[in-house]
Amino acid sequence: MKINEVSKMYGITADTLRYYERIGLIPTVNRNESGIRDYTETDCNWVNFAKCMRTAGISVESLIEYVALFQQGDTTRAARKEILIEERAKLLERMAQMQETLDKLNYKIDNYYKCVEFEDTKLK
């Protein structure tokens, strides 16, 4: 697949895809005879992984380290697993904070509904 097709498929600009490759967030994409990037299914899986992890707030640095370790082979499995475990812990903490914020927002919204209902009954 060409970069524009991958860009559309994942909702990421072609510039972002080039940037991801340049910094090591995704492995180097093979090029055809004309020098144009030719994304394989494996490349697309890496793009999807990077997008998913970045959307969740996983740090670029951790992902670059993960990809570099992956490219070194099976001897780095333990290190890769540790990165994922650490990032999961950070994500769970952010999710807990977000849940707390959501609970506060719901409480405030419920109070506004109660106030409106009270005002409506007063007017009758």
Side-chain angles (χ1 to χ4, degrees):
M1 294 177 78
K2 303 271 187 294
I3 196 167
N4 288 335
E5 295 170 300
V6 176
S7 172
K8 289 176 187 171
M9 180 183 294
Y10 294 102
I12 300 173
T13 67
D15 286 339
T16 299
L17 288 169
R18 288 185 202 96
Y19 171 72
Y20 280 4
E21 184 181 349
R22 187 173 64 251
I23 66 169
L25 196 60
I26 62 172
T28 302
V29 176
N30 290 322
R31 296 171 184 252
N32 65 19
E33 312 83 45
S34 303
I36 296 171
R37 286 174 177 83
D38 187 18
Y39 287 80
T40 64
E41 183 178 345
T42 299
D43 296 324
C44 289
N45 289 339
W46 276 108
V47 171
N48 188 42
F49 175 76
K51 180 182 178 187
C52 176
M53 295 297 118
R54 289 299 300 137
T55 299
I58 306 300
S59 73
V60 169
E61 295 78 15
S62 290
L63 291 173
I64 291 170
E65 182 180 0
Y66 179 87
V67 171
L69 288 169
F70 182 88
Q71 291 176 316
Q72 292 174 28
D74 291 344
T75 59
T76 64
R77 280 185 178 156
R80 287 183 275 151
K81 179 182 172 187
E82 193 57 38
I83 290 170
L84 296 177
I85 289 170
E86 289 173 12
E87 290 300 326
R88 179 181 59 189
K90 292 175 190 176
L91 180 58
L92 287 169
E93 178 60 31
R94 285 193 307 274
M95 288 172 63
Q97 292 169 350
M98 291 174 75
Q99 184 62 53
E100 184 178 326
T101 302
L102 179 60
D103 292 343
K104 287 179 183 176
L105 284 170
N106 286 335
Y107 174 79
K108 295 294 280 180
I109 290 167
D110 287 345
N111 278 337
Y112 280 105
Y113 282 128
K114 290 175 186 172
C115 289
V116 169
E117 287 174 7
F118 177 74
E119 291 297 319
D120 285 348
T121 57
K122 262 178 51 176
L123 294 174
K124 291 181 182 179

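Both backbone and side-chain heavy atoms feed into the values below; hydrogens, waters and symmetry mates do not. Bear in mind that the values here come from a model prediction, so they are computed numbers and not experimental data.
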What is the distance from atom CD1 of I58 to atom CG of L25, rounded to the nearest 0.5 Å?
-> 11.5 Å
Looking only at non-hydrogen atoms, find the nearest pair between R80 and D74 and report the distance.
-> NH2-CA, 3.9 Å
Output for pair (Y20 OH, K51 NZ), nearest 0.5 Å, gives 9.0 Å
Check the pair Y66 / F49 against ring pair (Phe, Tyr, Trp, His ring centres under 6.0 Å), numbers first and verdict last.
-> CA-CA 11 Å; Y66 179 87; F49 175 76; 5.5 Å; yes
Can you name the nearest heavy-atom pair linking Q71 to P27, along with the distance?
-> NE2-CB, 3.1 Å
Dump the intermediate steps for side-chain contact (heavy atoms from CB on, under 4.5 Å) on Y19 and D15, then the final yes or no.
-> CA-CA 6 Å; Y19 171 72; D15 286 339; over 6 Å; no
CZ of R54 to CG of L63: how many Å apart, nearest 0.5 Å?
-> 7.0 Å
Can N45 and E41 be counted as having a side-chain donor-acceptor contact under 3.5 angstrom?
-> no
For S62 and E87, work out which heavy atoms get closest and say how close.
-> OG-OE2, 2.6 Å
Could you tell me which non-hydrogen atom of T76 sits nearest to which non-hydrogen atom of F70, and how far apart they are?
-> OG1-N, 4.1 Å
Determine, step by step, whether L17 and T13 satisfy the side-chain contact (heavy atoms from CB on, under 4.5 Å) criterion, reporting the C-alpha distance in whole Å, the side-chain angles of both residues, the deciding distance to 0.1 Å, and the verdict.
-> CA-CA 6 Å; L17 288 169; T13 67; over 6 Å; no
If you count the non-hydrogen atoms of other residues, nucleotides and ligands that lie under 6.0 Å from CD in E100, is the total more than 12?
-> no
Could you tell me the separation between the CD1 atom of I12 and the CD1 atom of I26, rounded to the nearest 0.5 Å?
-> 8.0 Å
side-chain contact (heavy atoms from CB on, under 4.5 Å) between Q97 and E93, intermediate numbers included | CA-CA 6 Å; Q97 292 169 350; E93 178 60 31; 3.3 Å; yes
Taken to the nearest 0.5 Å, the spacing of W46 CH2 from T28 OG1 works out to 11.5 Å
Spell out, yes or no, whether M95 and M53 are grouped together once hydrophobic residues are joined by side-chain heavy atoms under 4.5 Å, including indirect joins.
-> no
Can E86 and K90 be counted as an ion pair, charged N to O under 4.0 angstrom?
-> no
Search all heavy atoms of S7 against all heavy atoms of A14 and return the closest pair with its distance.
-> OG-N, 3.6 Å
Taking all non-hydrogen atoms of both residues, which atom of D38 and which atom of N32 are closest, and how far apart?
-> CB-N, 4.3 Å
Do other residues, nucleotides or ligands put more than 12 heavy atoms under 6.0 Å from the CZ atom of R77?
-> no
Apply side-chain contact (heavy atoms from CB on, under 4.5 Å) to the pair L105 and K108, showing each step before the final yes or no.
-> CA-CA 5 Å; L105 284 170; K108 295 294 280 180; 5.7 Å; no
Distance in Å, R94 CZ paired with T101 OG1, rounded so as to fall on 0.5 Å steps = 13.5 Å
Should I23 and V47 be regarded as members of a common hydrophobic cluster, given that ILVMFWY residues are connected when their side-chain heavy atoms come within less than 4.5 Å of each other, either directly or indirectly?
-> yes
Indicate yes or no: at least one non-hydrogen side-chain atom of R37 is less than 4.5 angstrom from one of M1.
-> no
